[in-house]
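Residue numbers start from 1 in every chain, and the chains themselves are labelled A, B, ... in the order their sequence lines are given, proteins ahead of strands. Values in this document were obtained by computation on a predicted structure and should not be read as measured data.
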Amino acid sequence: MRTFVAKPAEAQATRKWWVVDAKDKPLGRLASEVAKVLRGKHKPTFTPHVDTGDFVVVVNAGLVKVTGDKATDKKYYRHSGYPGGIRSQSFAELVAQKPAAPIQIAVKGMLPKNALGRKMIKKLKVYASAEHPHTAQSPEQLSF
Amino acid sequence: MPRVKRGPHTRRRHKRVLKQTKGFWGGRKNRFRQALRVLWKSWQYAYVGRKLRKRDFRRLWIVRINAACRENGTSYSRLMGSLHKAGIELDRKVLADMAVNDPTAFKALTELASAAG
């Protein structure tokens with residue numbers, strides 16, 4: 001008996017859409033569940049070298065919560081490449097500027113750091129408000 | 001007694017090694033000294049790989065069984081515990097295959113298991 005190996009084409013044809021409301025959910029816990037679905041670890045057909053995951057739409061991304069003092073104390077860093085070019089923003093500042101960014105960054109950090117992981121992150125759609133343009137895909141509610 | 005020179009023997013030895021290093025990177029595929037060294041190393045990797053294969057597959061089966069369990073409202077750990085209690089000796093390879101190819105049978109197993117446990 002050979003262990004089942006998912007074929008990329010078949011896995012792609014059976015991808016589903018999920019929608020999740022980020023309102024008042026802790027950032028990391030939300031991201032971990034979303035990352036699982038993007039990777040396909042919720043399916044019995046999971047294959048490590050094939051993208052077997054589904055699409056995930058996150059709405060109300062601006063209302064995601066962090067516990068404790070992390071709204072002011074959690075910093076996001078980036079570097080321009082020039083000396084002294086480090087820039088930092090707190091969680092609250094980042095949410096105000098780009099409401100979708102914290103979730104994007106958190107989920108990306110939980111996916112594999114390779115070509116497959118970069119493909120998986122493209123299936124994540126994050127929206128600041130409660131509306132999303134993917135109603136045609138009739139996404140199901142993701143519960144955890 | 002015919003005279004023996006070393007050329008044919010050496011060529012045969014080199015050919016035998018280089019045949020096995022096809023597809024290796026850079027000079028390793030066609031320079032004998034490099035090829036011989038990395039060929040021996042490749043046997044070591046292959047030896048380790050044969051041991052790791054068994055662990056890697058077991059890990060994959062567990063991930064798949066867990067996914068199927070959670071679709072049926074239980075978890076890998078609970079399923080395994082109750083299967084042992086019920087005396088069902090299906091291994092992880094078979095369970096993972098059932099989870100993919102025969103979901104109804106797998107569902108029956110989870111129900112049976114949860115009834116026993």
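Remark: A:Lys122 NZ is loosely packed, at most 12 non-hydrogen atoms of other residues, nucleotides or ligands lying under 6.0 Å away. No more than 12 heavy atoms of other residues, nucleotides or ligands sit less than 6.0 Å from atom NE2 of B:His9. By the 6.0 Å contact criterion, CD on A:Gln141 is enclosed, its count of non-hydrogen atoms from other residues, nucleotides or ligands being greater than 12.
Residues A:Val19 and A:Leu124 fall into different hydrophobic clusters, defined by Ile, Leu, Val, Met, Phe, Trp and Tyr side chains chained together at heavy-atom separations under 4.5 Å. By the rule that hydrophobic residues join a cluster once side-chain heavy atoms approach within less than 4.5 Å of another member, B:Leu83 and B:Val94 end up as members of one cluster. Under the 4.5 Å side-chain heavy-atom criterion for Ile, Leu, Val, Met, Phe, Trp and Tyr, B:Leu90 and B:Ile65 are members of the same hydrophobic cluster. Residues A:Met110 and A:Phe55 do not share a hydrophobic cluster, clusters being chains of Ile/Leu/Val/Met/Phe/Trp/Tyr side chains in contact below 4.5 Å. A continuous path of ILVMFWY side-chain contacts below 4.5 Å connects A:Val37 to A:Ile121, so both sit in one hydrophobic cluster.
Among all heavy-atom pairs drawn from A:Val5 and B:Arg64, the shortest one is CA-NH2, 4.4 Å. Between B:Val63 and A:Lys41 the shortest heavy-atom distance is CG1-CE, 3.8 Å. Between A:Pro44 and B:Ala99 the shortest heavy-atom distance is CB-O, 3.7 Å.
Listed in order of number, the residues of residues 25-60 of chain B that approach chain A to under 4.5 Å between heavy atoms are B:Phe57, B:Leu60. Using non-hydrogen atoms only and a strict 4.5 Å limit, no part of residues 21-31 of chain A faces chain B. Of residues 72-80 of chain B, not one residue has a non-hydrogen atom less than 4.5 Å from any non-hydrogen atom of chain A. Contact annotation for residues 56-77 of chain A against chain B (heavy-atom separation below 4.5 Å): no residues qualify.
The distance from the CD atom of B:Glu71 to the NZ atom of A:Lys43 is 9.5 Å, given to the nearest 0.5 Å.
Using a 4.5 Å cut-off between heavy atoms, B:Ala96 makes no contact with chain A at all.
Within the 4.5 Å cutoff, the side chain of B:Asp97 has no heavy atoms near those of the A:Arg2 side chain.
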